[in-house]
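Report on one structure; see the data block that follows.
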Amino acid sequence: EKGAYRHFMEKEIHEQPDSVQHTLSHYLDLVTGRAKVQTLEAGAIDFARIDRIQIVACGTAFYAGQIGRYAFERIAGLPCDVEIASEFRYRSPAVTPGTLAVAVSQSGETADTLASLTWCKGQGLKTAAVVNVHSSSMAREADVLWPTHAGPEIGVASTKAFTAQVAALLALAVAAGVARGRIDGQSEGELVKALFEAPRLIAEALQMDADIRAVAHDLSKATDVLFLGRGAMFPLAMEGALKLKEISYIHAEGYAAGELKHGPIALIDEETPTIALAPLDDVFEKTASNLQEVAARGGPVIMIAPRTAPDPHGAGIRRIHAPDCHPLIAPLVYAVPVQLLAYYTAVQKGTDVDQPRNLAKSVTVE
Ligand code: M6R
């Protein structure tokens, strides 16, 4: 039931401190500050003995997979590819024997993701499934079930399932880093601590509500919106664009900020808002300079960044303050304003938020 909330989507956005906490607790031990590597090994995946990860997924789960990729490569030194399942399954990919195939899916029933998983199994690869429905086809098909604990998700637009997927993948990347001897006990402790701060900071991000509502009021008049980010904020930018398209029917694109001048900057005018996801990480300055370029061309810029981030020069840059956080968990914290932005824009437009036109919750036929 929706309780005090107007829509399931709104309720599910607000459930994220809990759903992320539950999911993290499956993979990490809050008391010892360690990753539960042994539990994972008991599931027959030894990260020290694989040499590549191939993630397959669709839609929002694909973006979660891309965020996971940054972590697997950076923390565990494990090469990781991520592909849309509908492409992967038909292009005869060249997979190598040491590859672990990972399907990411809320429902565990998406036809293309399931077919890709089955194909990988047929190639003799080890397989794992990051799924929210633990009795689903993918959960049964994969060698190992890596659960998310988001609880049932009713809104067609995925929110809490997405952050649970990201949380699971980030925690698994830490476990992989430990298993592969890429991080020492101290770094492990720091990363686990950072991850367990996510639920509190997600709750803090939910307080951005009023600011986001004001921006959504303006966005609802736009016909095109750009989302920009670098690093893990790039897939989150694409997720933001997908969310806005799905429920408000406004055309939106997510771009890597550095790609702007290779084409999309031609779209910039006074009517095209740019939403920038800019946590204070090692590429903040780069993103900030991209935003100056947009502002210089008259484009309205909304920069979501912590209060402590310096102001980029340039008129027209409006700021929304996000909580300060460790860069590892920025995709979890920044997912909140991104989701709220889509939600309030759709509410402003009066669309059917929980049941957007033409969409089904689970795509079980291709
Ligand atoms: O159940 P799955 O996670 O496999 O679903 C994948 C996509 O169909 C799904 O994420 C879709 O993109 C959502 N409507 C996004 O909000």
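Just follow the structure's listing: the first ligand is 1, and inside any ligand the first atom is 1. All values below were derived from every heavy atom in this structure, side-chain atoms included, with hydrogens, water molecules and symmetry-related copies excluded.
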Considering non-hydrogen atoms of the protein only, which is the closest contact for [atom], and what is the distance?
atom: atom 9 (C) of ligand 1; answer: T60 N, 4.1 Å
atom: atom 6 (C) of ligand 1; answer: C58 O, 3.3 Å
atom: atom 3 (O) of ligand 1; answer: Q106 N, 2.6 Å
atom: atom 8 (O) of ligand 1; answer: V363 CG2, 4.2 Å
atom: atom 5 (O) of ligand 1; answer: T110 OG1, 3.4 Å

(request) Check K243 against ligand 1 and report side chain, backbone, both or neither, counting heavy atoms closer than 4.0 Å. (result) side chain
(request) Drop me the distance from E10's CD to T159's OG1, to the nearest 0.5 angstrom. (result) 11.0 Å
(message) With rounding to the nearest 0.5 angstrom, report the CZ to CG distance, F88 to D81.
(response)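 The CZ atom of F88 sits 9.0 Å away from the CG atom of D81.
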What are the atoms of ligand 1, with element, lying closer than 4.0 Å to any heavy atom of [X]?
X: S107; value: 1 (O), 2 (P), 4 (O)
X: G59; value: 12 (O)
X: S158; value: 15 (C), 16 (O)
X: E246; value: 13 (C), 14 (N), 15 (C), 16 (O)

Between the side chains of [Y] and [X], is the shortest nitrogen-to-carboxylate-oxygen separation below 4.0 Å, so that they form an ion pair?
X: R318; Y: D218; value: yes
X: E366; Y: R89; value: yes
X: E153; Y: K361; value: yes
X: R297; Y: E293; value: no

(message) Geometry only, no angles: is K361 polar-contacting ligand 1 at N/O separations under 3.5 Å?
(response)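 For ligand 1, there is no N or O atom that lies under 3.5 Å from one belonging to K361.
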(message) S105 versus ligand 1: do any nitrogen or oxygen atoms come within less than 3.5 Å of each other?
(response) yes
(message) Please report whether the ring centroid of H217 lies less than 6.0 Å from that of Y344.
(response)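 Ring centres of H217 and Y344 not closer than 6.0 Å.
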(request) Could you tell me whether ligand 1 has any atom less than 4.0 Å away from a heavy atom of V156? (result) yes
(message) So for A157, does at least one of its heavy atoms come nearer than 4.0 angstrom to any atom of ligand 1?
(response) yes
(message) With no hydrogens and no angle check, just 3.5 Å: does a side-chain donor-acceptor pair link T287 and N290?
(response) no
(request) Answer yes if the side chains of K243 and T60 hold a donor-acceptor pair under 3.5 Å, and no otherwise. (result) yes
